[in-house]
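Bear in mind the structure is a predicted one, so any value in this text is a computation, not a measurement.
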Amino acid sequence: MEKVGVYDELDNLKATELRLGLPGTEETVSCGKSNKRALPNNTEKEIESTGKTETASPPKAQIVGWPPVRSYRKNNIQTKKNESEGQGNYVKVSMDGAPYLRKIDLTMYKQYPELMKSLENMFKFSVGEYFEREGYKGSDFVPTYEDKDGDWMLVGDVPWEMFVSSCKRLRIMKGSEVKGLGCGV
Amino acid sequence: MGLRLPSKVLEHILSFIDSNEDRNSVSLVCKSWFETERKTRKRVFVGNCYAVSPAAVAKRFPEVRSLTLKGKPHFADYNLVPDGWGGYAWPWIEAMAAKCPSLEEIRLKRMVVTDECLEKIAASFKDFKVLVLTSCEGFSTDGIAAIAATCRNLRVLELRECIVEDLGGDWLSYFPETSTSLVSLDFSCLDSEVKISDLERLVSRSPNLKSLKLNPAVTLDGLVSLLRRAPQLTELGTGSFAAQLKPEAFSKLSEAFSNCKQLQSLSGLWDVLPEYLPALYSVCPGLTSLNLSYATVRMPDLVELLRRCSKLQKLWVMDLIEDKGLEAVASYCKELRELRVFPSAPDLDEANIPLTEQGLVFVSKGCRKLESVLYFCVQFTNAALLTIARKRPNLKCFRLCVIEPFAPDYKTNEPLDKGFKAIAEGCKDLRRLSVSGLLSDKAFKYIGKHAKKVRMLSIAFAGDSDLMLHHLLSGCESLKKLEIRDCPFGDTALLEHAAKLETMRSLWMSSCFVSFGACKLLSQKMPRLNVEVIDEHPPETRPESSPVERIYIYRTVAGPRMDTPEFVWTIHKNPEIGVSHLAIK
């Protein structure tokens with residue numbers, strides 16, 4: 001039951017170019033005839049913060065309320081995401097003498113040298129050279145970690161994959177505490 | 001003239017009529033039927049709390065025992081309605097307390113409920129039995145404590161996904177030692193830890209307890225202890241499963257579950273480690289409802305669990321189930337009626353789960369009783385929609401969310417018009433429909449024409465022009481709720497079909513192209529509609545032709561509402577008066 005008149009015109013005029021944009025402004029984003037349109041550029045676009053600040057990449061602009069998932073659900077999944085396997089393995093890092101702890105994602109590194117470099121940059125120290133028998137030489141600082149059994153180990157002793165899966169937290173020890181771990185100073 | 005049924009006889013006849021739709025029809029027959037009906041109605045449902053005044057409801061139905069109210073529009077769930085819009089429970093509680101002290105049950109959805117409301121409920125209704133709050137906010141655990149302490153015959157206390165100011169777990173200890181009437185308790189949305197010994201004692205002295213939904217703060221040990229005291233449970237929401245797996249813990253848990261021989265519904269399962277799932281195997285064969293939508297468990301473990309659930313009717317799960325997992329569901333869960341698949345990574349930039357349209361096709365083919373679907377997927381095809389429509393003409397609720405806005409059929413690059421046409425045409429009993437993906441005006445022509453029983457329709461990022469709205473408002477005979485966001489049309493169709501709006505409960509449009517002038521015109525033309533312009537920038541300060549951010553239009557016999565905040569414009573509003581504080585409390 002087609003109504004004659006204005007709608008037939010609209011029907012035939014496929015190129016009805018309607019625009020979307022900020023209310024009250026002249027500038028608009030044109031919805032062209034291509035299949036993929038530009039997303040409406042309106043005030044509702046906002047950066048959605050996840051509440052966790054450790055993500056490596058900058059947050060992308062997202063549309064409010066899209067996809068339509070209730071906040072309750074979104075919040076519950078967000079917190080799980082950062083803690084579950086395969087989604088990043090965040091461990092706390094402390095350094096003796098430093099007032100704040102940091103957190104790093106172990107999955108961002110592929111081997112020990114990368115990790116060491118990152119830690120050195122983060123805490124502005126240098127770690128010396130690692131020797132299999134004698135541990136770390138040439139520095140007051142020694143990187144250690146707590147493993148799944150609760151024991152404190154020297155970083156570098158076990159293969160990288162084993163380290164990543166068993167490391168619960170990192171501690172950069174300094175000075176006298178270091179002696180028992182085989183530091184060659 | 002003629003035969004008149006004595007009112008006692010009519011009352012007796014009406015006592016067999018439960019459905020409110022039928023009772024509404026009965027009340028239209030004549031005055032005496034209206035009178036008899038209203039005096040005997042026990043359950044009142046108000047789908048929009050602003051459609052009618054609390055006083056009018058309380059006066060009309062003095063014998064009401066159960067009141068159900070809905071407040072904010074549905075899109076409030078997705079943060080599209082600014083805080084402070086409205087939906088206050090207080091005026092209703094006040095009116096009921098004054099006129100209907102025999103009220104026993106209150107169910108509220110998307111409303112603002114304060115501690116004062118809860119205290120008033122506790123103080124006013126002597127035989128209060130049931131409180132269910134869904135997606136509500138505005139109250140604290142103190143209010144819950146008041147209910148627990150005062151309502152001596154409380155049977156049901158359910159807080160479903162509410163935003164509660166959590167002042168601690170003490171509220172639970174306010175249930176008096178004499179309270180033994182609990183049938184259902186749901187505090188899954190609260191954060192704080194409750195004292196497990198209080199909960200154990202409460203459960204032990206509640207022999208009628210059938211449904212218990214714990215919050216994540218309850219540990220596995222706590223769960224085991226509670227299950228031991230309530231093996232008669234039919235519905236369980238677990239606490240957190242995050243504890244490190246220890247062999248004794250596992251076997252205790254397994255044993256506790258295997259003693260719950262009547263368990264039909266299982267939910268919660270936050271943080272569940274795959275190693276714990278076998279503890280649930282013993283209850284699987286009896287389960288009719290399983291909510292795994294917070295369980296970040298991978299497909300193989302999910303399949304291992306689901307293949308034992310041959311009686312499953314309702315399954316909520318995340319896309320971690322993958323197409324393969326849904327293929328398994330299709331072959332093992334032949335009784336499935338409802339499927340919901342949620343995205344595990346709601347952020348657009350992280351979609352790389354192997355869940356495609358194929359998963360839904362498997363289930364549509366294999367599960368003959370499937371009638372309700374909610375499916376999130378990155379992209380879709382017309383072919384899949386055609387298959388689903390052909391295989392499952394018995395669908396009643398079909399909500400497809402193609403996560404990528406404007407995504408066409410990824411195989412043919414066409415709009416999804418044909419697919420949704422098949423759904424509208426084929427599924428003749430469809431009551432609820434959500435569409436997404438690339439859709440032209442044509443899709444809505446089909447929907448308008450064929451979706452004769454659809455009552456609720458949700459649309460996002462679709463259509464080309466006003467034709468879309470024209471098709472919907474001139475078709476869709478049963479349409480009651482229409483919600484639209486980010487669609488490029490506005491005034492013409494809206495004004496043309498203003499009369500249709502009075503046959504519907506409500507219309508929501510946000511980020512569309514409705515001008516302020518059209519809103520004013522509509523308000524003037526249709527006095528029985530409340531036209532609300534919800535805009536952070538006052539529309540009066542802009543040209544009449546400029547589009548407004550959001551409009552919410554609903555039919556009402558209550559007239560304009562007095563509790564609108566600053567950012568809601570209605571034609572009745574005198575900007576100098578501002579918000580009335582009387583209604584909020």
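There is no contact between B:Phe516 and chain A, counting heavy-atom distances below 4.5 Å. For B:Phe75, no part sits under 4.5 Å from any heavy atom of chain A, backbone or side chain. Interface remark: B:Ser293 contributes backbone and side-chain atoms alike to the contact with chain A (heavy atom separation under 4.5 Å).
At distances below 3.5 Å, not a single donor-acceptor pair connects side-chain atoms of B:Ser344 with backbone N or O atoms of B:Asp319.
B:Phe489 and B:Phe513 have their aromatic ring centers separated by at least 6.0 angstrom.
Salt-bridge formation is not detected for the pair B:Glu161/B:Lys109: no Lys NZ or Arg NE/NH1/NH2 atom is positioned less than 4.0 Å from an Asp or Glu carboxylate oxygen.
When all heavy atoms of B:His471 and B:Asp441 are compared, the pair lying nearest together is CD2-O, 3.6 Å.
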